[in-house]
Amino acid sequence: MNEEIKDKLRQHAGKILLGGTGSLLALSVFTLASSLLNDGPAATDTQADALVQKLEGNLGDAQTKLTTQHAALLVQLPGMGIERVNRDRATGRSLLLSLTGSSASTRAVKEQQVLLDARYGFLDHKSRVLTEFVPEWMTATGATKGAGTTYTLADLDIAVSRVQGLSYSYTGVARLDPVRVGPDQNSAAKSEFAVFTYSTSQDGTVTSLDVYRASSKSRNTLAAASEEQPSPKPTG
């Protein structure tokens with residue numbers, strides 16, 4: 001991730017370097033031309049050579065200065081630990097599986113809320129994960145009538161959305177495919193999509209979490225998009 005940021009900045013800085021030296025070249029050429037025109041026929045090859053050498057010297061100095069500034073800027077880029085990102089992605093995947101696994105639970109909604117509340121310190125009774133996502137998910141997947149549809153994680157994409165100091169924020173989209181048991185059970189079940197965001201502190205502690213079940217319209221759009229691409233293995 002850090003290398004991607006550096007590459008983008010390097011490309012941008014390269015444009016600045018090219019633009020800066022190009023401007024200097026244009027200005028120097030204008031100066032050279034003006035000098036020769038003012039001297040008219042009296043301008044000698046010696047004068048021209050001297051001006052060209054000065055032009056090349058100024059251009060070289062400018063390139064060296066801009067290159068040095070460019071390198072210094074890259075060194076100052078805030079590092080983004082790939083090991084931490086991988087760890088946080090694994091955390092997000094575990095959270096998602098824990099929440100969506102409630103579809104196969106035989107617990108009531110309130111019992112599931114209490115269980116999750118006790119397990120995760122960053123959730124509380126006001127959390128929308130508990131008050132909105134869990135009840136809706138369990139209802140939609142049939143868990144409110146006993147063990148509902150069991151889902152397997154078919155595709156998962158988690159990306160860093162923001163880095164602020166020591167806090168990392170992530171956004172993820174997951175596709176969960178139904179696992180059918182028996183010829184009739186869950187015969188009408190479709191793939192479900194969950195969109196989630198979460199943040200972590202430096203030690204990996206989750207500080208916030210929001211999860212949303214995609215609406216029918218959004219689910220159809222996401223399903224169509226996923227069918228157009230090869231199905232990759234779930235990644236964190």
Side-chain angles (χ1 to χ4, degrees), residues 85-161 168-201 204-223 225-227 231-236:
V85 171
N86 289 336
R87 178 199 64 193
D88 290 349
R89 283 175 171 169
T91 298
R93 181 172 60 247
S94 296
L95 287 172
L96 175 71
L97 291 173
S98 178
L99 293 173
T100 56
S102 62
S103 64
S105 173
T106 56
R107 301 182 186 89
V109 171
K110 185 176 181 179
E111 292 174 331
Q112 190 68 24
Q113 289 172 321
V114 171
L115 176 66
L116 294 171
D117 189 17
R119 179 180 297 175
Y120 301 115
F122 53 87
L123 298 177
D124 58 31
H125 66 284
K126 295 181 180 180
S127 171
R128 294 173 61 181
V129 174
L130 296 180
T131 61
E132 294 182 17
F133 175 77
V134 172
E136 179 185 358
W137 177 260
M138 293 183 70
T139 299
T141 58
T144 54
K145 300 178 181 179
T149 307
T150 300
Y151 289 88
T152 183
L153 183 60
D155 192 13
L156 176 63
D157 183 21
I158 299 176
V160 180
S161 59
Y168 283 27
S169 299
Y170 301 85
T171 299
V173 179
R175 189 184 89 236
L176 300 112
D177 290 344
V179 177
R180 300 176 181 177
V181 181
D184 297 323
Q185 186 175 353
N186 305 324
S187 60
K190 297 180 179 179
S191 295
E192 293 283 346
F193 290 85
V195 179
F196 58 103
T197 61
Y198 63 102
S199 298
T200 65
S201 58
T205 301
V206 177
T207 56
S208 66
L209 171 68
D210 278 312
V211 185
Y212 308 91
R213 173 177 172 265
S215 65
S216 297
K217 182 177 180 180
S218 297
R219 181 180 60 201
N220 293 338
T221 301
L222 290 169
S226 64
E227 290 175 358
S231 297
K233 294 181 179 180
T235 59

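The model shown is predicted, which means the values in this text are computed figures rather than measured ones. In what follows, every heavy atom counts, from backbone to side chain, and hydrogens, waters and symmetry copies are set aside. Position 1 is the first residue of the sequence; numbering continues from there.
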Anything under 30° is parallel, anything over 60° is perpendicular, the rest tilted; go ahead and classify Y120 against F122.
tilted
As an exercise, state the distance from CZ of R128 to CG of D210, rounded to the nearest 0.5 Å.
6.0 Å
Taking all non-hydrogen atoms of both residues, which atom of R89 and which atom of I158 are closest, and how far apart?
NE-O, 3.1 Å
For S102 and A143 the tightest heavy-atom approach is O-CB, 3.5 Å
Using only atom types and a distance under 3.5 Å, with no angle test, would you say the side chain of T149 pairs donor to acceptor with the backbone of P178?
no
Can Y170 and V85 be said to form a side-chain contact (heavy atoms from CB on, under 4.5 Å), step by step?
CA-CA 9 Å; Y170 301 85; V85 171; 4.1 Å; yes
Is a side-chain donor or acceptor of S98 paired with a backbone partner of S94 at a separation under 3.5 angstrom?
no
Looking at residues at least two apart in the chain, or sitting in another chain, which of them share a salt bridge (Lys or Arg N to Asp or Glu O under 4.0 Å) with E136?
R213
Stepwise side-chain contact (heavy atoms from CB on, under 4.5 Å) test for F193 and V195
CA-CA 7 Å; F193 290 85; V195 179; 5.8 Å; no
With sequence neighbours left out, what residues match S127 under side-chain contact (heavy atoms from CB on, under 4.5 Å)?
L123, D124, V129, L130
Would you list the pairs meeting ring-ring contact (aromatic ring centres under 6.0 Å, His included) in which at least one residue belongs to residues 130-149, sequence neighbours left out?
F133-W137, W137-Y151
Test side chain to side chain donor-acceptor pair (under 3.5 Å) applied to T205 - qualifying residues, sequence neighbours left out
D203
Quick check for you: to the nearest 0.5 Å, what is the distance between D177 atom CG and K190 atom NZ?
13.5 Å
Spatial distance of atom OG1 (T171) from atom CG (D157) [nearest 0.5 Å]:
10.0 Å
What are the two closest non-hydrogen atoms of Q113 and T131, and how far apart are they?
NE2-CA, 4.2 Å
Would L153 and L97 count as a side-chain contact (heavy atoms from CB on, under 4.5 Å) if you check the C-alpha gap in whole Å, the side-chain angles of each, and the deciding distance to 0.1 Å?
CA-CA 8 Å; L153 183 60; L97 291 173; 4.0 Å; yes
side-chain contact (heavy atoms from CB on, under 4.5 Å) evaluation trace for L96 with F196
CA-CA 8 Å; L96 175 71; F196 58 103; 4.0 Å; yes
Point-to-point distance, once rounded to the nearest 0.5 Å, from CZ of R107 to CE of M138:
8.5 Å
Among residues at least two apart in sequence or on other chains, which ones pass side chain to side chain donor-acceptor pair (under 3.5 Å) with T200?
R84, D88
Residue pair T152 / L176, side-chain heavy-atom distance below 4.5 Å
no
Listed by chain and number, what are the side-chain contact (heavy atoms from CB on, under 4.5 Å) partners of T139, not counting sequence neighbours?
T144
Least distance between heavy atoms, A104 atom then A147 atom
O-CB, 3.5 Å
Using the test side-chain contact (heavy atoms from CB on, under 4.5 Å), find all partners of T207 that sit at least two apart in sequence or belong to another chain.
S199, S201
Name all residues meeting the salt bridge (Lys or Arg N to Asp or Glu O under 4.0 Å) criterion together with R87; count only those two or more places apart in sequence or in a different chain, and write none if there are none.
none
Sequence neighbours excluded - salt bridge (charged side-chain N to carboxylate O under 4.0 Å, His left out) pairs with any residue from residues 110-119
none
